[in-house]
Structure formats: structure tokens, C-alpha cells
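Comments concern the structure below.
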Amino acid sequence: MCAAPRSIRPLDDHLVNQIAAGEVVERPASVVKELLENAIDAGAGRIDIELVDGGTEFIAVTDDGCGIRAEELAHAFRRHWTSKISAPADLDAIASLGFRGEALASIAAVAEVVATSRTADAQHAWSVALEAGREPPAPRPARGNPGTRIEVRRLFHRVPARRRFLKQPRTEFLHVQRLVRQYAFARPDIAFSLAQPAARGLHLRPAKGDADARWRTLFGRAFLARAVVIDERAEGIGVTGWIGGPELATAQSELQYLALNGRVIRDRHLQHAIRLAFGEAIAPGRFPAYALALTVAPGAVDVNVHPAKLEVRFAELRTVHDILLLAVRRAIAGALSGGAAAPAAAAAGGPAGGSPSEAYAATPSPYRAPAARRASGHAAPAPADVGSALGQVLAVVDGRQLLYRRGEAVYALDLERAWNAVLAQRLATADGASRPLLLPVRAQPPGAAARGALGALGFEFDVLGPAGAVLRAVPQVLPPLDHARLLDALDALDSGGGEAPLPARVAAAAASAIRRGEAGAAARETLAALVAGAAAAAIDLHGGATRLTADALASLHAREPGAHAPAASRQPDRRPAAGDE
């Protein structure tokens, strides 16, 4: 029999904050994580963490970031108040580590908190002390350097049921220590320190040319000496960092660090990709060791799917999974074969990284290998001066014709025919070396004979049975191209018959699949590769060009909106070619 129904009523604000704290604050490491992320979002270059009893009694996080203005200091502890987003559209491309505006309110609901902050233009700092269940008081003047210091005392002291679930202070300290190590990997441009009485802490300088020292401090000399550098980029996704070979696998997953756009994450799909890359090289029950940082466009990942923001959702999960899988597989293969993959100790170095998202992805990471030592082992062709080889480059029309001036005459070079000549020469003299694709391409399986002939040139297919096949590698002598278009062109050439040798047919297909029409650096590099390849094969590109008549130039002038010139080749003050007027 039902008792008298209870009335529906709103929850007390303090109770709401305690419920939210149950999602965000699990242990001292959870508090440190939220405060670390706020410090990083504030542009800190140095972050210091102090603990007492593993953080159960005292936590202090001090940064040298931009600080909080006095009139906004109390607002920072109001639930769902934040400076990091302001409109629903901001959720589609979150660049900051925090954004919900509930972490400080949740911490203050289960602990005593004192916040002291000073902006660069303030004469002194301001401080506010919060007690659970009470409104934030007005800030008071205080002493303090520019930046922010958050002190958290007696965690869960008013929630004894939660406090009973905490581990021994040493265990809680080790959880915080692991967290700081993860962020030290994800943000190598920031200095970190972790201190606790009678415990061995961490003191990590920014990685500015001495990434070796930071890695040696974080993970030890053995890992640094034997891990393999990864530095790959495909489909707008970057994978950088280090991975240990099978001999560095351990019985625990402690040495597995994964970061996304400067954010520490855990993702079972990405962990699966890394484990799958090892195949049977690691015995069941063993875990590979790695520290990998991924960069993707902020709009291609949703970070608003987990209370603690540890899990994310990718717009193109399969693409990210496959790119990571092949990047790790290539690094491992290079290490096992003694190839191009370099030990981390030999490859570390370089300038520091940038901000959590776009700048972090665009700035060279200190953990990236020099170009000659990257795990891919494939060196791009040396840049060539297109202008000095052909003349003054004017434009690329429809990705097909290169217009250039030599003397007073204007010439058109058929790029597909030029590439055909260069690639035919390359393939005829190639040794069959392959370049693995970061993203395999689905294809119709070629026949056994054709597969063997293509394999001799450097193509690698995996036949999947009735599902078809995937192209996993192409000849190393081929430049960057559209691999799906290459396969279509190969099918068309095969169905059309012909007695041309296979290298010539492949060259024709590859020439039609080269991405020639992009503007900017991509077009510039493609043209440079063409000129360098022609010079190496003793092919006179100018000899195959056509001199344009006045009528032809007039016709091209009418189509000018469809033409473009590589950025480095545009001449704002160039004279019009004969017949342009």
C-alpha cells in the first residue's frame, strides 16, 4: 500500500553542489585536475602543487596565469559561471580544458577553500574564503604575486561517507603524482612542481630544447633510451610522442599516457588501436608503454560527454582509430627492423608547444623528431626553385596547366603529361620500396598476377575476402596523391586493355591522381617535387611546354577566376603577358 505521496520541490543549492561534487570530485587527484586545468586555461607558464597527507588535508595549486579580477573572484565559485564559453555555438569547438563553470563550486561544497588572485595591472592580490553551504563573501585585500592560488582544506570533512572511501595518504599522493606526470607530458611548455612533506616530489622545467631532461625525470632513462619516436599527420590529425617496443610492455597499465589537444584523456577505442598495432608481439595480460599526444580540430571532437571530461567523442572515430593504429604499427615495424624509427633519446628536442587547442596543434612540439629521424622514414623531395627552372610562374589553371613566362613569351605546361614522364622514369628504375599509408584505402582486390606485379613496384594490398581489399602502401617514389583516384585510374586503364608496360600504366594513373590544383604551400611543394624529379631524371620540362598565342592567352584571361598561382609565386606587380590586353 502506497504511503502519502511526497511533494515535488526544488533541491537546496548546497545539496545540488554536493551532488555535482560527487560527479567531479572523487579524490584529491580530482581536485588537482580541475585546478590544473583552470591554471592552464589562464595561460600559466608555471604551476606549483603542494599536498599534505596526499591532499586529504591540504591542497594548494599556484599559477602565474592572468589572474581573476577582484570583482569577479566570488563569481568564480558560483555554479555554471564561467569566462570560457558564452553561447551554445561555443560547445561545437571547445578550445579550453574547462568550460562548465561547476568545478570550483563543487570543490567548495565538500571542502574549505581559499582563493587568492591578482591580475597583472592590480596593485595587490584579493582573497576570498568559502565555507560549504554559505554564499561567497566579498573579497579582501591580500598579498600575492600575479596569478592565482587555490587552497583546499579538509576534503570531504562534512561528507564522512565519502571520506571513508579515500585510500591511504601515500596512495592518494601517487594518484596526484601520476596526474601531474600526464599533464607534464600533455603540456611540455609549462613548468610543474609537486611537493609533499617527507615525499619525493617533482620539479619539471619547461621543455625548451631539453626535452630529454624532462622525459628522463618523468619516465626514467631506460624508457627514454629504448622508446621510439612517433610524428605523423594525416587527414588533419596529428600523432606525436613515444611508444615502447614489445620489450617495454609491463604487467600494469601505469605507463600509458594519452593526450588530446593538450587535454589528458582515456579512450578505450584509442587504447584498442594501440594494442591492435602490436598484434601478437605482446603476450596477453601485458600492456604496451606509450606517451602519445593527438591533435585534431576542436570542432571534430566533443569533450562534453563525461563529468570529469576524461572521455571524448570523435566525429570520425574510425579515421582517428586507423590513423593511430598505422602510426604505431609503422613505428614498431621500424624499431623491430632497425629502420628509420629513432630512439626517443636521439630524437627529442625543439621548441616548446603552444596552447591547448589550435596553437598547440600548430606549434612544433618539443617531443617531435627531426625530419630525418621520424618514424615514417620517408624524406620528402628537396625543395626546388620552380622559377629558376622554368621561368616566372604565373598561375595554375584548373589544376592542369602551369603558366609561366620565359623572356617575353608565355608557356603552358601540361602538368599531367609532365608528371607522367617523371613517374614513368622513377617507376622503371625503382627498387620496389614502399611507403605505408596512414589511412588505408578500400579497393577491389586485383587478381593474383596483377597483385604480384603491383607488389613488385611497392603496392601492398590486404585482401579481406568477399569484403574486398585495402591498399596499405604505395611505391615510395610516388608523390602525395589521391589514392582513391589512383585506384579508379588503375581500374580504368586495366579495363581499357593496352600493351603498355605496367610501370607506364601505373605512372599514367598516378599522374592523373596527383593533387595539383591546391593553392598555397601544397601547390608550391607539388611543383617543387615535379621540377626536382624532372631534373633527377634529366627530363626537360620546358621542352614539353607549349608557347601560347595571343588568342590562347585572351581565352585564358576570360577564365581567370578559375586560375590561381602558388602563394610564393604570385607577383603583385607582374607585367601582363603579351596578348593579355
Side-chain angles (χ1 to χ4, degrees), residues 6 9-39 47-62 76-80 97-98 100-115 128-136 149-183 194-202 251-254 256 264-266 268 305-311:
R6 296 184 179 183
R9 58 190 182 278
L11 293 175
D12 174 81
D13 285 345
H14 178 55
L15 183 55
V16 170
N17 285 339
Q18 285 197 325
I19 293 172
E23 298 179 337
V24 176
V25 182
E26 299 176 353
R27 61 194 331 150
S30 305
V31 175
V32 174
K33 176 182 182 297
E34 298 296 338
L35 300 182
L36 275 180
E37 290 184 349
N38 282 343
I47 303 175
D48 300 313
I49 303 103
E50 306 163 49
L51 303 178
V52 173
D53 288 345
T56 58
E57 290 301 320
F58 178 78
I59 301 170
V61 177
T62 307
F77 289 86
R78 298 187 185 277
R79 195 158 179 257
H80 301 316
L97 299 182
R100 295 192 184 119
E102 62 181 359
L104 293 179
S106 298
I107 295 170
V110 294
E112 299 170 358
V113 179
V114 176
V128 60
L130 295 98
E131 294 186 20
R134 297 188 179 182
E135 281 291 307
R149 177 180 173 87
I150 307 290
E151 298 180 1
V152 180
R153 301 177 187 273
R154 302 174 64 197
L155 185 62
F156 297 136
H157 71 288
R158 292 192 176 182
V159 193
R162 298 287 304 280
R163 193 173 178 91
R164 284 197 297 268
F165 283 94
L166 296 179
K167 304 298 182 182
Q168 293 296 319
R170 171 173 170 75
T171 301
E172 297 297 345
F173 173 78
L174 292 177
H175 281 287
V176 175
Q177 186 182 64
R178 174 175 167 79
L179 178 80
V180 175
R181 289 175 182 271
Q182 290 175 319
Y183 275 95
L194 171 63
Q196 175 174 281
R200 182 177 181 180
L202 292 172
Q252 297 179 334
S253 60
E254 290 301 308
Q256 293 187 342
V264 173
I265 66 168
R266 62 182 182 221
R268 58 187 178 87
V305 298
H306 187 272
K309 304 183 293 294
L310 285 172
E311 298 175 4

If every non-hydrogen atom of [X] is compared with every non-hydrogen atom of [Y], which pair is closest and at what distance?
| X | Y | answer |
| --- | --- | --- |
| Y183 | E37 | OH-OE2, 2.7 Å |
| E172 | P28 | OE1-CD, 3.3 Å |
| A108 | F77 | CB-CD2, 4.2 Å |
| V114 | A129 | CG2-CB, 4.0 Å |
| R178 | Q256 | NH2-O, 3.4 Å |

R170 atom CZ, neighbour heavy-atom count above 12 within 6.0 Å: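 Result for CZ/R170: open.
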
Result of checking V176, I47, V152 against V32 for side chain to side chain contact (heavy atoms under 4.5 Å, CB included):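 Exactly one option meets the side chain to side chain contact (heavy atoms under 4.5 Å, CB included) with V32, and it is V176.
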
Given V31, D53, T56, I107, the one that forms side chain to side chain contact (heavy atoms under 4.5 Å, CB included) with L155: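 Answer after filtering V31, D53, T56, I107: V31.
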
[atom1] of [X] to [atom2] of [Y]: how many Å apart, nearest 0.5 Å?
| X | Y | atom1 | atom2 | value |
| --- | --- | --- | --- | --- |
| Q177 | L194 | CD | CG | 6.5 Å |
| E57 | R153 | CD | CZ | 10.0 Å |
| F58 | Q196 | CZ | CD | 11.5 Å |
| I59 | I150 | CD1 | CD1 | 11.5 Å |

Could you tell me if the side chain of [Y] sits less than 4.5 Å from the side chain of [X], heavy atoms only?
| X | Y | value |
| --- | --- | --- |
| R164 | F156 | no |
| R27 | F165 | no |
| L51 | P169 | no |

Carboxylate-amine/guanidinium proximity below 4.0 Å for E26 and K167: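 No, no charged N to carboxylate O under 4.0 Å.
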
Stepwise side-chain contact (heavy atoms from CB on, under 4.5 Å) test for R149 and E50: CA-CA 11 Å; R149 177 180 173 87; E50 306 163 49; 2.9 Å; yes

